[in-house]
Amino acid sequence: MNSTQILTLGLGLEAPWTLKDQHLDTAVSPHRLDLHVEAERGSLYPCPECGKACPAHDFTTRTWRHLNFFQHHCYLHARVPRAKCPEHGIKRVEVPWARPGSDFTLLFEQAAMALVREMPVLAAARLIEITDKRLWRIVHHYVGCMLEQLDLSEVKAVGLDETAAKRGHRYVTVFLDMQRKTEPVLFAVPGRGKATVEAFSDFLAAHQGDPGNVLEVVCDMSPAFLKGVEAQLPNAEVTVDWFHIVQTFTRALDEVRKRERREQPHPKHLRWAVLRNAESDNLTPHQITALQELLADESATADAWIIKEKLRWIQQAPTPRGARWRITHFLNFAREAIADKALLAPVRKALNTLERHADRVIRRWLSALTNARLEGMNSLFQAARSRARGYRNEGYFITMIYLIGSPVGSLLDQAKST
Ligand SMILES: [Zn+2]
């Protein structure tokens with residue numbers, strides 16, 4: 001086998017295309033390998049519309065970046081004809097090694113897509129030595145194609161959550177299939193609230209799904225989401241995920257801590273000590289000391305902390321009835337503890353929220369689906385954020401959420417192996 005045959009195999013060339021010439025240029029940096037692909041004179045080419053073998057009408061020379069040949073950049077050149085179809089007229093022929101309109105071979109794009117699933121786009125672009133802008137164009141293209149193929153006809157249980165594209169920046173709402181263990185993302189859209197649920201409902205309908213088939217929704221307690229669900233997913237029962245209850249009380253606690261700190265000094269290491277779960281997280285000795293000092297002081301932060309920690313007692317209720325009873329007692333106990341202390345206003349607000357949504361909270365004891373927690377999505381969002389680091393537009397973040405968190409990843413693998 002000579003080098004031409006090896007390269008031909010590597011390119012996956014098929015008739016009428018053959019490798020005619022190769023040239024390694026070591027006078028330029030980086031070195032480059034140029035491959036010239038040609039078809040025999042008089043070859044027939046399939047019409048891109050109907051596939052009929054047609055004669056060439058005229059040719060244009062085109063160049064594609066191909067996978068590096070060892071450390072050398074590699075380019076593929078070919079004279080690409082326009083075929084003259086008796087039925088469809090003169091049409092540009094599609095070449096088997098690249099998709100229409102791309103300046104890269106399919107193998108190059110596959111390698112690029114494999115990299116961006118493992119590392120930030122900026123790093124991948126440097127590694128394969130193309131601009132990040134061109135790499136993003138490839139990524140958007142493939143993710144978009146695979147998204148179009150999503151079949152959502154089986155979707156019955158949906159979880160939704162919001163996350164910031166960047167810390168403190170614009171929000172993205174993500175919808176999950178609560179029945180899928182892996183690649184659960186169904187849809188991601190900029191913004192939060194009612195309009196995002198409407199956009200999801202449209203997306204579902206456009207992918208063989210039916211908003212009327214959605215019977216379960218798991219989400220947080222934001223009134224805008226709840227209104228959206230009511231309007232767009234009329235048959236859905238809403239469950240408030242436990243994670244969001246804990247989050248509500250943890251935020252209230254942090255608010256109390258910040259307010260109180262302005263009035264009196266707090267023990268060192270307090271912030272992380274109070275925000276963690278005292279039972280399951282390993283507290284450092286410093287954090288334990290800080291908590292002990294806090295409780296000895298009988299401060300407002302201590303009250304807020306005790307209330308937050310007592311949530312676990314509700315969570316551990318064995319039955320829905322037990323949960324309702326525990327919520328009632330929890331509310332009474334907590335309101336008594338707070339009394340009229342002004343610093344504890346944020347906790348009072350959290351208690352009212354819990355009371356208002358008690359039925360939706362108790363549904364978690366009835367629904368089998370809420371075990372798959374939205375909380376687990378944070379690591380996915382974190383990974384997507386890191387892949388899209390350095391780009392302000394939340395569209396990049398959303399593309400990455402799809403790539404690593406939705407069935408798009410599997411669809412890409414399937415497309416590659418066929
Ligand atoms: Zn035709």
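Order of listing sets the numbers, starting from 1, for every ligand and every atom in it.
Between Leu186 and the options Leu176, Leu160, Leu152, a side chain to side chain contact (heavy atoms under 4.5 Å, CB included) holds for only Leu152.
Taking backbone and side chain together, Cys54 holds no N, O or S atom under 2.8 Å from the Zn ion (ligand 1).
Here the Zn ion (ligand 1) is the vertex; the SG atom in Cys50 and the SG atom in Cys47 give an angle of 110° (to 10°).
The minimum distance between the Zn ion (ligand 1) and any N, O or S atom of His88 involves atom ND1.
When ring centroids are compared, Trp136 and Tyr396 come within the 6.0 Å threshold.
Annotation: side chain of Asn378 is in contact with side chain of Phe381 (closest heavy-atom distance under 4.5 Å).
Side-chain contact of His77 with Asp21: a donor-acceptor pair under 3.5 Å is absent, judged by distance alone.
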